[in-house]
Amino acid sequence: NHAKHDPSRTRFFTTTMVDELHQHEILQLRFSEALANDKLSLAFQPQFCLNTGKLIGAEALCRWHDDILGQVSPATFIPLAEEQGLICSLGEWVLDAACQQLLTWEQQGKPFPGRLCVNVSAQQMDDPRLAEHILRIATRVLPGKLGLELTESGLMRNPEQTVRITRALCEAGFSLAIDDFGTGYSSLTYLKRFAADTLKIDMSFVRDMLKSSHDHAIVSTIIAMAKNLGMQTVAEGVEEAEQAEALRALGCSGVQGFHFGRPVDGVTFAELWL
Ligand code: C2E
Ligand code: MG
Ligand code: MG
Ligand code: MG
């Protein structure tokens, strides 16, 4: 029997595959424990105005350090949370921790001068009551102090629902940014119906904008379009002074990236404006 010896059939029974499955289960278990036991943390990365150089805001980025596995990237644990139906709890944890940090800085006599932005995952956008949940958690801080970053692909999962959610959040005073802009498939019709005030230019375009005239054109077009729609732009992943200069020349409003500051813990971050 030929099929019996077909290597493509036996592949599924190698120890590596079993190990990977096992590994995945371990990750899931340890992540759910970390979330339940408050073992996650937030890192803060600054955003600056390109014209004045002033600190305008920060992005809160979730961090998970596991005693055995070490530092695990959000690129790994966000999908894990989504698979396990834990993304809403994670989102609530992150928003709550961000509000707590704003209050802590305030109580220490150094209120954050900008707006703190929190990421909302694509799957959270499926929740028709997302705006209510966010409003309930964020009652302790002024809505003007908080921003939400929604990915372009997340916004387009259920665009009509997104229109309602973004409008409710905007009316409540939150600012909204469309994250990783340029990598998803948002329709221009919806772009103006979503109540977002900022487009975050995806770092893949910023990275090559000085080498590739194609990427430079994309960045330039996004900035021009945002301006025409009355929106701000924040370029992400700015690693070089030359990129910042090119972005300023194109009229980009804000920047975020390793050139200006890496994500750091809340105590280190507060040194930026003292
Ligand atoms: P994002 O929202 O686009 O966040 C920007 C990512 O780019 C962060 O990675 C940040 O550390 C990284 N970054 C910033 N500046 C530079 C730079 O100059 N060069 C390079 N190469 N990278 C830079 P991080 O923290 O690993 O997060 C990755 C993604 O995971 C985020 O992408 C976001 O989609 C997601 N994520 C992180 N925290 C959360 C969270 O609390 N909730 C949700 N739903 N997603 C999160
Ligand atoms: Mg983001
Ligand atoms: Mg982004
Ligand atoms: Mg990104």
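Counting starts at 1 for both ligands and their atoms, in listed order. Note that the structure is predicted; figures quoted are calculated from it, not measured. Counting begins at 1 with the first residue of the sequence.
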Practice problem: Output the atom name for the N/O/S atom of Asp179 with the smallest distance to the Mg ion (ligand 3). | Solution: OD1

Self-check item: Contacts of type ring pair (Phe, Tyr, Trp, His ring centres under 6.0 Å), residue Phe205, not counting sequence neighbours
Solution: none

Quiz item: Does Asp180 bring an N, O or S atom to within less than 2.8 Å of the Mg ion (ligand 3)?
Solution: yes

Practice problem: Give the minimum heavy-atom separation between Met231 and Leu199, together with the two atoms involved. | Solution: CE-CD2, 3.7 Å

Quiz item: Looking at ligand 1, does any of its N/O atoms fall within less than 3.5 Å of an N/O of Asp180?
Solution: yes

Quiz item: Mind checking whether Glu236 has a heavy atom under 4.0 Å from ligand 1?
Solution: yes

Quiz prompt | Minimum non-hydrogen distance to atom 33 (C) of ligand 1, winning option of Val120, Asn119, Thr183 | solution = Asn119

Quiz item: Thinking salt bridges, do Glu132 and Arg129 make one under a 4.0 Å N-O criterion?
Solution: yes

Quiz item: So, are Arg193 and Glu160 salt-bridged, with charged N and O less than 4.0 Å apart?
Solution: yes

Exercise. Could you tell me whether the Mg ion (ligand 3) has an N, O or S atom of Glu149 under 2.8 Å away?
Key: no

Quiz item: What is the minimum heavy-atom distance between Gln243 and Gly237, and which atoms define it?
Solution: OE1-O, 4.2 Å

Practice problem: Classify the contact between His259 and ligand 1 as side chain, backbone, both or neither, using a heavy-atom distance cut-off of under 4.0 Å. | Solution: neither

Practice problem: Using heavy-atom distances, let me know which of Trp93, Phe258, Trp64 sits nearest atom 18 (O) of ligand 1. | Solution: Phe258

Exercise. Determine, using heavy atoms of Arg63 and all atoms of ligand 1, whether some pair is separated by less than 4.0 Å.
Key: yes

Quiz prompt | Part of Cys62 within contact of ligand 1 (heavy atoms, under 4.0 Å) | solution = both

Practice problem: Provide the atom name of the closest N, O or S atom of Glu236 relative to the Mg ion (ligand 3). | Solution: OE1

Exercise. State whether the shortest distance between N or O atoms of Gln124 and N or O atoms of ligand 1 falls below 3.5 angstrom.
Key: no

Quiz item: Any idea which part of Gln256 is under 4.0 Å from ligand 1, heavy-atom wise: side chain, backbone, both or neither?
Solution: neither

Quiz item: Is it true that Arg262 lies under 4.0 Å from ligand 1, counting heavy atoms only?
Solution: no

Self-check item: Asn119 near the Mg ion (ligand 2): N/O/S under 2.8 Å
Solution: yes

Quiz item: Do any N/O/S atoms of Glu59 come under 2.8 Å of the Mg ion (ligand 2)?
Solution: yes

Quiz item: Can you tell if the side chain of Lys200 reaches within under 4.5 Å of the side chain of Phe181, non-hydrogen atoms only?
Solution: no

Report, one line per pair, each donor and acceptor closer than 3.5 Å where one atom sits in a side chain of residues 215-225; sequence neighbours left out.
from: Thr221; atom 1: OG1; to: Ala217; atom 2: O; distance (Å): 2.7

